[in-house]
Amino acid sequence: MQGKIVKVSGPLIVAEHMADAKMYDVVRVSEKRLIGEVIELRGDRASIQVYEETGGLGPGEAVESTGAPLSVELAPGLIEGIFDGIQRPLTRIADVYGDRIARGVSVSNLDHEKLWEFVPTAKAGDEVQPGDFLGYVQETPIVRHHIMVPYGVAGTVTSIKGGLYNITQTIAVIAAKDGEKEVCMLTRWPVRRGRPYREKVSPDMPMITGQRVIDTLFPIARGGVAAVPGPFGSGKTVVQHQLAKWADADIIVYIGCGERGNEMTDVLNEFPGLKDPKTGEPLMKRTVLIANTSDMPVAAREASIYTGITIAEYFRDMGLNVAIMADSTSRWAEALREMSGRLEEMPGEEGYPAYLSSRLAEFYERAGVVKTLASQERVGSITAIGAVSPAGGDLSEPVAQATLRIVKVFWGLSANLAYKRHFPAIDWLISYSLYADRLSAWYAKNASSDFNELRAFAIQVLQEEAELEEIVRLVGADALSYKDRLTLETAKSVREDFLHQNAFHETDTFTSIAKQCRMLRLIRDFHRLGLNALAAGADYARLINLPVRETIGRSKYIAEENIAQFDEIAEEIKREIRALDGGEDRV
C-alpha cells in the first residue's frame, strides 16, 4: 500500500491514501526510504513520526507501509551491541557508511551472517511450550544466551541438532497442532507490546549496588522501579554509571535517551575497559547500549525507551535479572510533547500531552519480578531506574511529578551537595524507598541481625542534625548541649565517612553489605559510648579529638579481604574512650 505526503512539519509528516494502515505500523518515506511510524489515523490520512531528518521532503513524495509494527530483533548478537533508538547497529553502520549516519541507511539490526555455536538441551520427542529452552549459545564468557520456543508455538520436537548456525537458519522443528514449525534463533517482537509471562510476583530481595547511600538508606528491590531526579550537574549520569557497573544484575541495558553526546561517549569509551567484579571480564560482555543522543532526531527518543525495555524483557524471560537504566525520561517526555504539539492535541500542564502519566506508567509497569511462560518454573526480573532532568531542579514540574506517582524509590539529587563535591549527591532528607520495610527481613537474615537498627540510627542522626542546624543558625553552636554537639559530630561522620563515596577510588567505589554494616556500626558505637562518657563527666573536647575518629573516617578504604580490621577498630574505640576521665565507668 502506497500513499503520498501532503504535509511536512519537522519530524511529523501527514500522508493521504493510507486507509489500510494500522496504528504503529512502520512506513518507508520517499525514495530515500526514511523510517517512520504511524501515530495517528484520521480517515485515509495518517500522521507519521519519522525517525530520521526530514529536511528536503515535500508534498507528493511516496509513503509505503510495511504492514508491520516497529519491532526489535532478538537473538544472539545483542550483548556488546551498540544500537540507536530503533535498534540500528551503530558500529556496523559506521563500518558500511562511515562516521556520519546517512539518511535511509538499511542494515539488519543484528548480524544475520555470523555463525554461533548452538548447543541443544532439548531432544527429539520432548513436549515444549512457549518459553521452554531448546538450547543455548555461549554469547560471551559471562552470558549464556538461551534459545527459547517462540511465543505462539507449542508441540513436540521432531528434530534438533547442534552445530554452527546463523540466527536465521533452522535449528529445530516442532510439530504443532497446525503443522510443523521451523524454529531459528531469531525472533522479532513489537516494542510497544510487553512480552507475556505467567505471573508477576512481589519483589522480596534487594538489588545490591555497592553504593552505601542506596543499599543502606534507600534500597531498591530486585524487580523494583526507581527515579533519579536532579538538576544539571548534580550527578544523575554518574549514579547511573555506578549502578550499571556494580549492580548485581546479570544483564545491563543502558539507554542514553536524548542526553548530550559527550556523556554517551564516556559510556562507550569507559565500559569496554571496566572489569566485571564477579568474573573479571569486561563489563560490556553483559551490557547492551542504546545510544540516542540529543543531536539525533527527536522522534527516535520515544522509540528508544521501548526498544530498551523489550530487549530487557527478552533476557528476563530466560530467567535472568536485568537492570535497565534510562537517561533520561525527561528527554523522552520532551519528544512526546513535541509530537503532541505538532499533532495539535489539547495540551496538558506545561504543554506536555495529557497522556504523559499513562505513557510513563506503561514503561515502568513493564519492570518487575515474573514467573515466565516456560513449563518449568523460572523467575526473571527487570529493575528499572529512570533519570529525570527537571529544568532548574524543579521537582514540581510535570515529568518529575508523574514519575513520583509511579516509582517506589526516589533518589533526589541535590545541587548543593554536588557543589560541595559530595557524591553520590543523593539528598537524605528528601529521598525515600518504599521497599525498605519489605526488605528488612532479608537484610536481617543475610546482612546483619542489627542492620535495620543501624539504618534507623543513621536516618535519625541525619534528621536530628537538620533540626539542630536551624538552632545553630539562630543562636550559634555554643548554645547547644554537649550531647547535641556530639550528635552533630556523629551526623558529620555519617555524611563524610559513610555516605560520601569516591567512584574513582579502587576500594571505595564498591562496598559490600557486610562492610557497610561494619562501617556504620563503628560510627554508632562511637556515638553511644561517647554519650555514656559525657554523662559520666568526660571532657567533650578530648572526646571529639580522639585519634580513633580519624581511623573511623579511613575505614572506607579498608579492602574487602581485610574486613577483620573493623573488629580491631571497634576495640580501639572502647580503649580510647575508656582512657578518658569519667569514661571508664561507662564503657
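Using modelled atom types, no side-chain atom of Thr329 and backbone atom of Trp332 make a donor-acceptor pair closer than 3.5 Å. Although no hydrogens or angles enter the test, the distance criterion places a donor-acceptor pair under 3.5 Å between the side chain of Ser330 and the main chain of Ser389. The closest donor-acceptor contact from the side chain of Thr216 to the backbone of Arg455 lies at 3.5 Å or more, if one exists at all. A donor-acceptor distance shorter than 3.5 angstrom exists from the side chain of Arg222 to the backbone of Asp248, with no hydrogens or angles considered. A donor-acceptor pair is defined here as one N or O able to donate and one able to accept, closer than 3.5 Å; no such pair exists between the side chain of Asp126 and the backbone of Ala122. Side chain of Gln565 to main chain of Ile558: no donor-acceptor pair is present (N/O by atom type, distance under 3.5 Å, no hydrogens or angles). Under the 3.5 Å distance criterion, the side-chain polar atoms of Lys515 are matched with a main-chain donor or acceptor of Lys556. No donor-acceptor pair under 3.5 Å is formed between the side chain of Ser234 and the backbone N or O of Ala415. Under a 3.5 Å cut-off, the side chain of Gln240 and the backbone N or O of Val238 do not form any donor-acceptor pair.
Remark: Glu362 does not engage Arg366 in a salt bridge, criterion side-chain N to carboxylate O under 4.0 Å. Look at Glu453 and Arg524 and you find a salt bridge, because one of the NZ, NE, NH1 or NH2 atoms lies within 4.0 Å of a carboxylate O, short of that distance. No salt bridge links Asp95 with Arg92; every basic N to acidic carboxylate O contact stays at or beyond 4.0 Å. With respect to the salt-bridge test (charged N to carboxylate O, under 4.0 angstrom), the residues Lys371 and Glu199 qualify. The residues Arg521 and Asp450 are annotated as salt-bridged, a charged nitrogen and a carboxylate oxygen being separated by less than 4.0 angstrom.
Using modelled atom types, one finds a donor on one side chain and an acceptor on the other under 3.5 Å when comparing Arg212 with Thr511. Side-chain contact annotation: Trp246 with Thr509, donor-acceptor N/O pair under 3.5 Å present. Thr310 and Arg192 form no side-chain donor-acceptor contact under 3.5 Å, judged by distance and modelled atom types alone. Using modelled atom types and a 3.5 Å distance limit, the side chains of Asn109 and Gln87 yield a donor-acceptor pair. With no hydrogens or angles considered, a side-chain donor-acceptor pair links Asn166 and Thr168 at under 3.5 Å. Counted by atom type alone, Asp317 and Thr372 present zero donor-acceptor pairs between their side chains at under 3.5 Å. Using a 3.5 Å distance cut-off with no hydrogens or angles, the side chains of Thr140 and Glu80 do not pair a donor with an acceptor. Side-chain atoms of Ser440 and Asn452 include no donor-acceptor pair closer than 3.5 Å. Remark: the Ser493 side chain and the Asp497 side chain contain an N/O donor-acceptor pair separated by less than 3.5 Å.
No side-chain heavy atom of Tyr306 sits less than 4.5 Å from a side-chain heavy atom of Pro190. Taking 4.5 Å as the limit, every side-chain heavy atom of Val370 sits out of range of all side-chain heavy atoms of Val201. For the pair Val72 and Tyr314, the minimum side-chain heavy-atom distance is 4.5 Å or more. Leu70 places a side-chain heavy atom less than 4.5 Å from the side chain of Tyr51. Side chains of Ile385 and Trp411 form a contact here, defined as non-hydrogen atoms less than 4.5 Å apart. Leu522 places none of its side-chain heavy atoms less than 4.5 Å from the side chain of Thr551. Residues Leu74 and Met185 are not in side-chain contact: their nearest non-hydrogen atoms beyond the backbone lie 4.5 Å or more apart.
The structure places CG of Asp111 at 10.5 Å from CD of Glu73, a figure rounded to the nearest 0.5 Å. Interatomic distance, Arg378 CZ to Gln376 CD, rounded to the nearest 0.5 Å: 8.0 Å. One distance of note links OG of Ser448 with OH of Tyr443; it measures 12.5 Å at 0.5 Å rounding. Rounding to the nearest 0.5 angstrom, the gap separating the CG atom in Asp427 from the CZ atom in Phe218 is 8.0 Å. One distance of note links CD1 of Ile513 with CZ of Arg518; it measures 13.5 Å at 0.5 Å rounding. Put simply, CD1 on Ile142 and CD1 on Ile79 are 9.0 Å apart, with the number rounded to the nearest 0.5 Å.
More than 12 heavy atoms of other residues, nucleotides or ligands lie within 6.0 Å of CG in Asn562, so this atom counts as buried by the packing criterion. Counting non-hydrogen atoms of other residues, nucleotides and ligands closer than 6.0 Å to OH of Tyr557 gives a total above 12. Other residues, nucleotides and ligands place more than 12 heavy atoms under 6.0 Å from the NZ atom of Lys200.
A cation-pi arrangement is found for Lys114 relative to Trp116, the charged atom lying closer than 6.0 Å to the ring centre and inside a 45° cone about the ring normal.
The ring of His500 has its center no closer than 6.0 angstrom to the ring center of Trp428. Aromatic pair Phe315/His146: centroids not less than 6.0 angstrom apart.
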Practice task
Kindly determine whether Phe510 and His505 satisfy ring-ring contact (aromatic ring centres under 6.0 Å, His included), including the steps that lead there.
Solution key: CA-CA 9 Å; Phe510 176 89; His505 190 281; over 10 Å; no

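Trp189 and Tyr151 have perpendicular rings, their planes meeting at more than 60° on a 0 to 90° scale where under 30° would count as parallel. By the 30° and 60° cut-offs, the orientation of the rings of His241 relative to Tyr254 is perpendicular.
When each of Leu186, Leu110, Val143, Ile147 is paired with Pro76, the side-chain contact (heavy atoms from CB on, under 4.5 Å) condition holds for Ile147 and for no other.
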